[in-house]
Amino acid sequence: ARDRPTREWHLFDFDIGRPLGKGKFGRVYMVRTKTEPHYILALKCLYKSEIVQSRVEKQIRREIEIQQNLRHPNVLRLYGYFHDEKRIFLMLEFAGKGELYKQLTKHGCFTEKRSARYIDQMADALIYLHSKHVIHRDIKPENLLLGINGELKIGDFGWSVHAPGNRRKTLCGTLDYLPPEMVEGKEHSEKVDYWALGVLTYEFIVGSPPFEDLTGYNATYKRIAKVDLKIPNKVSPEARDLITKLLQYDPEKRLPLTEVRKHPWIMRYKSKSS
Ligand SMILES: COc1ccc(C(=O)Nc2ccccc2)cc1NC(=O)CCSc1ncnc(N)c1Br
């Protein structure tokens, strides 16, 4: 198809606003285009020196290609990018209600109604990403954002890959969301995102991830590999059922995302309006 003309962007096209947070590789600012129409964006600034050093240059180019073609209401848009001699700038959709984990920290945990609506939106976004052969691999509250109407947006893609992947994920981040097959360094598929959705469901309702073991890394490892799952009594039977169906050791036994969207716990809270 004829490529849509994308204009060249430069830093001087924008008024720079407040910092939005520190990503894994750089700083993000709220910005506005200087000329009409005044678009509000999140501009992520990455330093080439850091990128070249950590050899993620190839990764980021692949990232950008993948993401410029993603369009889904629950996936944060990457509109485009530009660079100067020292930096690469990612032009991102601005999520009006900011970082979801800040809400989770503030409230401790979410109601089952709010959790079910978020999980339904996550499942919808993951069905879309998997249809594009993108496995997210890093689903956790820190990577989720909220749009201006409170809708969930998968907001960060530092580690998504094209399926099937078994690139060792440098275990710098938390282990809590890793499924047994990744913890054991085995080949993994998009089913890793099914597992992470189960972990997310648990964490939204309970307020902490299911295999967290503050005594350390190896303790969490063991609990994941054994699927040592204890669900508190406060969790409703329907939520318990969904969590158990997602946190299955065998990836093939995990509930498909289309079934998640039809699960009684999700259906019970589907907003009448939408
Ligand atoms: C599509 O979103 C991305 C796509 C790609 C990358 C990225 O860094 N890729 C990458 C960087 C280096 C190496 C390999 C991959 C990051 C993001 N997203 C982000 O960084 C989120 C910034 S925080 C924020 N954003 C909007 N509204 C808010 N209110 C906030 Br707070």
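When a ligand or atom number is given, it counts from 1 through the structure's own listing order.
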Classify the contact between [X] and ligand 1 as side chain, backbone, both or neither, using a heavy-atom distance cut-off of under 4.0 Å.
| X | result |
| --- | --- |
| Leu76 | both |
| Ala42 | side chain |
| Val75 | neither |

Out of curiosity, is Lys97 lining ligand 1, as in a heavy atom under 4.0 Å away?
no

Backbone or side chain, does any N or O of [X] fall under 3.5 Å from an N or O of ligand 1?
| X | answer |
| --- | --- |
| Lys44 | yes |
| Ala95 | yes |
| Leu92 | no |

In plain terms, say whether Glu65 and Arg62 are close enough for a salt bridge, that is, a side-chain N and a carboxylate O under 4.0 Å apart.
no

Salt bridge check, Glu184 against Lys186: does any charged N sit closer than 4.0 Å to a carboxylate O?
yes

Measuring only between side-chain heavy atoms, which start at C-beta, is Asp176 closer than 4.5 Å to Lys140?
no

Which ligand 1 atoms does Gly155 reach within 4.0 Å, using its non-hydrogen atoms?
2 (O), 3 (C), 17 (C), 18 (N), 19 (C), 21 (C)

In terms of atom number and element, which parts of ligand 1 are under 4.0 angstrom from non-hydrogen atoms of Val28?
22 (C)

I want to confirm something. Looking only at heavy atoms, which of Gln67, Glu93, Lys153, Glu99 is nearest to atom 4 (C) of ligand 1?
Gln67

Would you please indicate yes or no on a ring centroid separation below 6.0 angstrom for Phe14 and Trp9?
yes

Under 3.5 Å, which donor-acceptor pairs link side chains of residues 118-129 to any protein atom two or more places apart or in another chain?
{"from": "Tyr118", "atom 1": "OH", "to": "Arg114", "atom 2": "NE", "distance (Å)": "2.9"}
{"from": "Tyr118", "atom 1": "OH", "to": "Arg114", "atom 2": "NH2", "distance (Å)": "3.0"}
{"from": "Asp120", "atom 1": "OD1", "to": "Arg261", "atom 2": "NE", "distance (Å)": "2.8"}
{"from": "Asp120", "atom 1": "OD1", "to": "Arg261", "atom 2": "NH2", "distance (Å)": "3.4"}
{"from": "Asp120", "atom 1": "OD1", "to": "Lys270", "atom 2": "NZ", "distance (Å)": "3.0"}
{"from": "Asp120", "atom 1": "OD2", "to": "Arg261", "atom 2": "NH2", "distance (Å)": "3.1"}
{"from": "Asp120", "atom 1": "OD2", "to": "Lys270", "atom 2": "NZ", "distance (Å)": "2.9"}
{"from": "Gln121", "atom 1": "OE1", "to": "Asn74", "atom 2": "ND2", "distance (Å)": "3.2"}
{"from": "Gln121", "atom 1": "OE1", "to": "Leu152", "atom 2": "N", "distance (Å)": "2.7"}
{"from": "Gln121", "atom 1": "NE2", "to": "Arg117", "atom 2": "O", "distance (Å)": "3.3"}
{"from": "Asp124", "atom 1": "OD1", "to": "Arg261", "atom 2": "NH1", "distance (Å)": "3.4"}
{"from": "Tyr128", "atom 1": "OH", "to": "Arg71", "atom 2": "N", "distance (Å)": "2.8"}
{"from": "Tyr128", "atom 1": "OH", "to": "Arg71", "atom 2": "O", "distance (Å)": "3.3"}

Does a donor on one side chain sit under 3.5 Å from an acceptor on the other, for His38 and Asp15?
no

Ignoring hydrogens and angles, state whether a donor on the side chain of Gln68 or Tyr79 is under 3.5 Å from an acceptor on the partner side chain.
no

